[in-house]
Amino acid sequence: MADKKTGEFSFQTVKIAKVTEENYRIKTFELDVNIAAKPGQFIMVWVPGVGERPFSLLSSNPLRLTIAKVGPVSEAIHKLGVGDQLTFRGPLGNGFDFRKFDKLLLVGGGYGVVPLYFLAKEAISEKKSVTVIIAARTEKDVVLEKYFSDMGAKVIVSTDDGSKGFKGNAVDAAKHEGLKNFDCVFSCGPEKMVYFLAKSCEEAKVKSQLSLERYMKCGIGICGSCDLGGFCVCRDGPIFDGEKLLKIQDFGAKKRNSEGILQNI
Amino acid sequence: MIDISTELAGLKLGNPTILASGILGVTKKELEQCVKNGVGAATTKSVTIEPRKGHETPVIVETPSGFLNAVGISNAGIDEAIKEFSGWKSKSPLIFNIAGKNADELSSMAKKISSSGIRVDALEIALSCPHTPGFGTLAGQSSPEATKEIIRAVKQSISVPIIAKLSPSVSALGEVAKAAESAGASAINMGNTAGPGMVIDIERKAKLPSFGFGGLSGPAMKPIAVRCVYDVYEAVKIPIIGTGGVTYGKDAIEMFMAGASAVGVGSAVYYRGPKVFSKISNEISEWMESHDYSSIKELVGAAHGR
């Protein structure tokens, strides 16, 4: 690993160029900047007076963020419009490693599909076969369907209540597609979903790369807040191989809050 | 390979690199990972009597050749921490760092650790946090009087060696170090972050870190840390951990010559990655070999009187 140079981790402030409403609680923000990022990496967005949180990227060129309103920082971002400032640092984290695979299955739960869109776009441009499962609780939570179909990915929608597409959860939908038909499964979504998907991939002897979330503060692997079994999710992740994760006791079971106290997921 | 082991407050370290408190150290697994990566001794993040959320993010911001941080001593509290760090099995010592509002709070934490029976090889007292109201320098714990009162109280509550972690931002540093020594500290960690300092993001007209100011770490503070270690070495007989900006082996050599017997490593985990401990150790032994030194002892304090 090459040594870091000073200045690699500074904030930059850019203007919002476009805002698209994706559903009742999710918006896409296009920013007036291109960054050199890999699918699966993230940035830390700082809203002065509110706080700083990690967000995954819908694209890097231009930089687009698709953000669900889930807490104070995302709520503050949702109030922003075209021409407003957005301040961030990054890209941070490792990103997906997809180049050695040809047949890719992408499984996104809820707004977990966001980094998978970035991945699909890059993979298709490199002539990979991409199938994506967009899983949600119910029809109104299905997002980015048209983004994926426009680029030529095979799209399967699944909802827990059957209000749209396949009736069942993401793992059922993935098994229905036949895990063995793919070289690697890439996933992002609620951790229980990701956990059971990892178990299914292990049983089917198919590789998996999974995006995880933990409470992050520094984002650069030094504060230790986002510990998962001795690894920093911000630096060693957020993408981990399923085999590695399944050896970690807390995966799918427990995460730490901002005080560092372990809590059930 | 050259022997780069060192002794500190009765602790035997295979090499002189110590993970500084506040870097990783939230969990035992993180500390075990540091051992795998070659750390000589691992220090927990500061633990307080009650759980603390700490300050709102951003808690850290980059500055020229360093960082400002104001994490706000976020931690799970002493009871959770005792559970978290129980069962330490490594040959590398475990240093348990505690922070408190006053001598009573700190000595009651020391008693809890002592009566829990968990393995703790040394107890480090954070007298010097620069960014958390009620603690460290903001609570006046960096004066010789407060240092003496706190170290004495803690010393009576636990039998393991006590390390006093001092602030570089006091004028009568030698007096503070002497106070710690006379109260029974077995070593000085010199020390905490410098400053505090402030960054203003000019595009947002806003202060960073979000607390408004933070302690300076990284290469930018190294000359301050070296001078502090030098002054403390002149003032006391107990061994010193030199902490502040140590990134490469040559930085550690400089700390030894100023008077340190071991070095704290913090921000360098960012600059050089988690394997920084073995990288620094290798560089130390290469330097010693090429300069015909066979033990760290020969280097400690070598620059004094020159």
Side-chain angles (χ1 to χ4, degrees), chain A residues 1-15 44-54 71-73 84-89 92 214-232 234-236 248-250 254 256-263, chain B residues 22-34 36 45 50-67 69 71 74-77 80-81 83-84 199 201-210 218-220 247-248 266-275 279:
Chain A
M1 190 162 110
D3 292 359
K4 301 272 183 189
K5 290 181 200 73
T6 192
E8 283 187 21
F9 158 69
S10 303
F11 284 106
Q12 55 178 308
T13 294
V14 296
K15 289 221 157 103
M44 296 290 278
V45 177
W46 170 43
V47 181
V50 185
E52 185 190 32
R53 295 288 183 276
V73 174
D84 285 339
Q85 289 177 312
L86 198 98
T87 303
F88 70 95
R89 58 189 168 97
L92 303 166
R214 283 296 179 273
Y215 199 100
M216 282 182 196
K217 290 184 183 176
C218 76
I220 53 170
I222 58 176
C223 79
S225 304
C226 64
D227 169 67
L228 177 65
F231 299 102
C232 289
C234 71
R235 182 201 56 217
D236 303 312
I248 296 173
Q249 213 177 359
D250 292 343
K254 287 180 174 177
R256 289 172 196 270
N257 64 11
S258 66
E259 297 161 346
I261 297 174
L262 266 184
Q263 297 179 321
Chain B
I23 303 294
L24 304 168
V26 173
T27 73
K28 187 171 77 166
K29 286 249 162 63
E30 288 173 340
L31 297 182
E32 287 167 350
Q33 201 67 25
C34 291
K36 272 188 202 162
K45 184 163 167 42
E50 298 288 342
R52 288 179 52 86
K53 260 189 187 336
H55 300 316
E56 184 50 85
T57 47
V59 294
I60 185 164
V61 59
E62 189 169 18
T63 58
S65 292
F67 296 103
N69 90 79
V71 176
S74 58
N75 77 96
E80 284 290 322
K83 279 189 245 166
E84 177 66 39
V199 164
D201 186 297
I202 59 172
E203 299 302 324
R204 305 307 302 256
K205 305 179 197 75
K207 297 186 297 261
L208 285 163
S210 76
T247 314
Y248 297 95
S267 303
V269 173
Y270 166 73
Y271 291 110
R272 306 189 69 197
K275 295 193 191 329
K279 290 179 186 174

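All values reported here derive from a predicted model rather than from experimental measurement. Letters A, B, ... mirror the listed sequences (proteins, then strands); counts begin at 1.
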Chain B interface, residue from A:S258, A:S225, A:G260, A:G49 that has the most non-hydrogen pairs under 4.5 Å: A:S258

Who among B:S74, B:G266, B:P58, B:P219 has the most heavy-atom pairs with chain A under 4.5 Å? B:P58

Would you indicate whether A:Q249, at its atom CD, is surrounded by more than 12 heavy atoms from other residues, nucleotides or ligands within a distance under 6.0 Å? no

Looking at chain A, which one of B:E32, B:K275, B:E84 has the largest number of heavy-atom pairs inside 4.5 Å, strictly under? B:E84

Results of side-chain contact (heavy atoms from CB on, under 4.5 Å) for A:F231 - residues two or more places apart only: A:D236, A:F240, A:K244, A:I248, B:Q33

Start with the C-alpha distance between A:C234 and A:K217, add both sets of side-chain angles, then the distance that settles side-chain contact (heavy atoms from CB on, under 4.5 Å), and finish with yes or no. CA-CA 9 Å; A:C234 71; A:K217 290 184 183 176; over 6 Å; no

With a 4.5 angstrom heavy-atom cut-off, is it the side chain or the backbone of A:V73 that approaches chain B, or both, or neither? neither

Among B:K45, B:K36, B:E203, residue most engaged with chain A (heavy-atom pairs, under 4.5 Å): B:E203

Engaged part of A:T13 at the chain B interface, taking heavy atoms whose separation is under 4.5 Å: side chain

Winner by heavy-atom pair count (cut-off under 4.5 Å) against chain A, out of B:I60, B:V59, B:T27: B:T27

So, the part of B:K205 with a heavy atom under 4.5 Å from chain A: the answer is neither

Segment of B:E56 engaging chain A (4.5 angstrom heavy-atom cut-off): side chain

Do A:E52 and A:R89 meet the salt-bridge criterion of a basic N to acidic O distance under 4.0 Å? yes

Pair A:V14-A:F88, side-chain contact (heavy atoms from CB on, under 4.5 Å): steps then yes or no: CA-CA 8 Å; A:V14 296; A:F88 70 95; 4.0 Å; yes

Test of ring centre spacing under 6.0 Å for B:F67 and B:Y271: yes

At a heavy-atom separation under 4.5 Å, does B:L31 approach chain A through its side chain, its backbone, both, or neither? neither

Would you mind checking if A:R256 and B:E80 are paired as a salt bridge, meaning a charged N to carboxylate O distance below 4.0 Å? no

